[in-house]
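What follows is one structure encoded as structure tokens, with my remarks underneath.
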Protein chains: 2
Amino acid sequence: MARKRSTLKDVAQAVGVHVSTVSRALNPHTRHLITDEIAERIAQASRALDYRPNTAAYSLRTNRTKTVGVVVPDITNSIFPPIIRGVEDALLDKGYATLVVNTDGRREREAVILDALSARGVDGLVVASVQREDAAIGELAGQGVPIVTVNRSVDDPSIASVVSDDAAGIRMMLEHLTSIGHTRIAAIAGDQNLSTGKKRHQAFVLHAAALGLLAGPVRFAGAFNEDDGARCMGELLDGGGRFTAVLCANDRLAIGALGALRARGMRCPQDLSVTGFNDMPMVDRIDPPLTTIRIQQYQVGFMAAGVLLERMNARGEAPPARSVVLPVELIVRGSTAPAAASKPAPRVRSLTR
Amino acid sequence: MARKRSTLKDVAQAVGVHVSTVSRALNPHTRHLITDEIAERIAQASRALDYRPNTAAYSLRTNRTKTVGVVVPDITNSIFPPIIRGVEDALLDKGYATLVVNTDGRREREAVILDALSARGVDGLVVASVQREDAAIGELAGQGVPIVTVNRSVDDPSIASVVSDDAAGIRMMLEHLTSIGHTRIAAIAGDQNLSTGKKRHQAFVLHAAALGLLAGPVRFAGAFNEDDGARCMGELLDGGGRFTAVLCANDRLAIGALGALRARGMRCPQDLSVTGFNDMPMVDRIDPPLTTIRIQQYQVGFMAAGVLLERMNARGEAPPARSVVLPVELIVRGSTAPAAASKPAPRVRSLTR
DNA sequence: CCATAAAATGCAAACGATTGCATGATTGCG
DNA sequence: CGCAATCATGCAATCGTTTGCATTTTATGG
């Protein structure tokens, strides 16, 4: 970047030694091969000349790019930036740079994306956009590319992952709801092709039964977004089932659900309690503030980077896939209230159309 | 990344030509030097072998990395992801990868960051974290590094920039407020070392005078965040000046201000109107929904990438610095109401402490 | 049909680092 | 004091591309 970068050769010339000596002196790994005095002079000269190793040359020779790819559905979705931040922070001082790419959840685009990353020869991959069955990921892993999925996981247990404790989160939420008197609980579930969607829904079914409450009607959202949340809430309300709370598979669905509720002139939490999952930024500021499950977004990213480093540094065979699960926390806010104050969902048709 | 990548040599061998011929045939720029028939055979072989050029070797030889750095204060701040997305989208199909780094607004960290980018030899820089006077940026630009600032600009006009029309936004907001009867307007201004803080505040002063209204008390926030917004709002209320609306230099300040307002038992917009700037995601869902100025975040990023490409491709002297200003839009929501309904700020001390 | 210009391809030298091996210097020990 | 072992450094090949120049092939025109 600077006008004229100095190279190993320049430093070697300045000190009067061979370039290989400089290389060794500057590499902590081979530093011990060099006499202290010479090494010191080299260190000084390298500082004086502001020497920076040429990444391209290093990569070409060693076949390591010191770059990792981070694949997310959409960086614009505020669940991901903290995760990315965690990954970057964990990797930066290890000398790794981070290439973030967006798939928009589209399969074809994912192919193009992975192509671009592959062409750049990233040393490893942190993937947040994975589905439960993911051929592309499986193939790459099979080829020996270090991979760790984050936030979501694939069903294949041989792929390392760092996720949040979805099941515990749902259980805690259900316990919270029952503790304030709710017994009829509906759900807006997420995409069952995603581990988060699947796990959360399974937990809902399982723990609802265990707690002896009536799992109410369930709608499955196609995507984890506000529009689908609104649509599902509309369908639930139109469906005529009886319930006093709606458990949503994530915050965005919950936000959409709240919108649909309001559009029909109903109030949360007076008429219906609504819960989310993730504790996205700002959900504490919306109306009503959302009761949700807080996941450790930054930590998840940070740990994923750690697991990835472990795999990238494993010289021989890949270490056994680690599956890290981080604890979650229940955050009670204004969108849930005692069931006593709630009326069952009305059976009336929606007002408009 | 794949087990064993094929190289130019492999393709050359397969076709029975020299590697330089393959190189030329595959490069659109030199493609015309090669006989159509051979070129075609090379194209096929390269496809069959799934040949991908080695980025490291390319970079080493040409001294271009096909990588640009994007420097933001914090990717976690939801104003930036759409900008980054715009940059990435504009650059991806031109074959450029994007390295995003966070400075956290800290100067020392910025140095480290730029170091890391410099070491990686990025071809250009999109900088969103710039201050009005920025030595580091000026120096890099002086060294001939293609740079464009985004969202913010530096005072030095020789640095290219893509920003939103801050002045127009403030004018529109003031016009909106006066149109609904406000005449005494206070302000929470941003950091005057940032172009956005400075420009918006200048516009406030200028247009308030032009509209013949009473620019009320002003507080300067140190950072564009909720905490400082709350603090400033507190000071305004304690200050005892009279005003019916508070114009905040951005949404986060406004959100903090709303919090402080509520903490004192006052209501928005009944007691006081509050306005923001940027139209961040979710500000339409908070309570009350924020009246603000919508900036074209994605477009700003996209255009910045375009300007950068122009500079990176300029072989000889850098083209004259372009300064692009994108239009903004007034979004009226629930946080502003006619002044008639507002009572002047009370002169009482805050309730707690 | 040959000389010559033009077009197509091959050759080889970079780019800047790493690293196995060779060599020269030093040390230790008998 | 000499020989071997050890240590420090130098040598040179290598990674995969690009590209100026040399060389070969083809086309052109007299």
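In what follows, chains are A, B, ... by sequence order, proteins preceding strands, each numbered from 1.
Nearest-nucleotide positions on DNA chain C place Ala56(A) closer to the 5' end than the other of Asn27(A) and Ala56(A). DNA chain D is contacted by both Thr30(B) and Val17(A); Val17(A) maps to the nucleotide lying nearer its 5′ end (nearest heavy atom per residue).
Nucleotide dA17(C) holds its P atom 10 Å from the NZ atom of Lys9(A), rounded to whole Å. Protein atom CD1 of Ile42(B) is 13 Å distant from nucleotide atom P of dA8(C), rounded to whole Å. dA6(C) atom C1' lies 13 Å from atom CG of Leu33(B), rounded to whole Å. Arg41(B) places its CZ atom 13 Å from the C1' atom of dT9(C), with the value rounded to the nearest Å. Here dT17(D) presents its P atom at 15 Å from NZ of Lys66(B), a figure rounded to the nearest Å. Here dA14(C) presents its C1' atom at 13 Å from CG of Asn54(A), a figure rounded to the nearest Å. One interatomic measurement links the two molecules: NE2 of His32(A) to P of dT19(C), which rounds to 13 Å at whole-angstrom precision. Taking atom CD on Glu37(B) and atom P on dA8(C), their separation rounds to 13 Å, with Å as the unit.
The neighbour count for Glu40(B) CD, taken as heavy atoms of other residues, nucleotides or ligands under 6.0 Å away, is above 12.
A donor-acceptor contact under 3.5 angstrom links the side chains of Thr67(B) and Arg120(A), judged on distance only. Side-chain N/O atoms of Arg322(B) and Ser161(B) include no donor and acceptor closer than 3.5 Å.
Using a 4.0 Å heavy-atom criterion, one finds that Leu8(A) contacts the bases of the nucleic acid, with or without backbone contacts as well. Contacts of Val19(A) with the nucleic acid, taken as non-hydrogen atoms under 4.0 Å apart, include base atoms.
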Annotated protein contacts, base or backbone, on nucleotides 20-28 of chain D with a non-hydrogen cut-off under 4.0 Å, one of B, S, - each: B--------
Under 3.5 Å, which donor-acceptor pairs do the side chains of residues 91-102 of chain B form with other protein atoms, sequence neighbours left out?
from	atom 1	to	atom 2	distance (Å)
Asn102(B)	OD1	Ile75(B)	N	2.7
Asn102(B)	ND2	Glu88(A)	OE1	2.8

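Of the candidates dC15(C), dT9(C), dC15(D), dT9(C) carries the atom nearest the Ile34(B) side chain, counting heavy atoms from C-beta on. Distances from the side chain of Thr7(A) to the nucleotides dA17(C), dG10(C), dT17(D) place dA17(C) closest. Comparing dT9(C), dC11(C), dA12(D) by their nearest atom to the side chain of His18(A) picks out dA12(D).
The backbone N or O of Ser153(B) sits less than 3.5 Å from a side-chain atom of Ser195(B), completing a donor-acceptor pair. No donor-acceptor pair closer than 3.5 Å links the side chain of Asn313(B) to the backbone N or O of Glu310(B). The closest donor-acceptor contact from the side chain of Asn77(A) to the backbone of Asp74(A) lies at 3.5 Å or more, if one exists at all.
The phosphate of dA17(C) (OP1 or OP2) has no side-chain N or O of Ser59(A) nearer than 4.0 angstrom. An OP1 or OP2 oxygen of dT17(D) is reached within less than 4.0 angstrom by a side-chain nitrogen or oxygen of Tyr51(B). For Thr62(A) and dC15(D), the shortest distance from a side-chain N or O to OP1 or OP2 is not below 4.0 Å. OP1 or OP2 of dG10(D) sits under 4.0 Å from a side-chain N or O of Thr21(A).
A heavy-atom distance below 4.5 Å is found between the side chains of Arg152(A) and Pro73(A).
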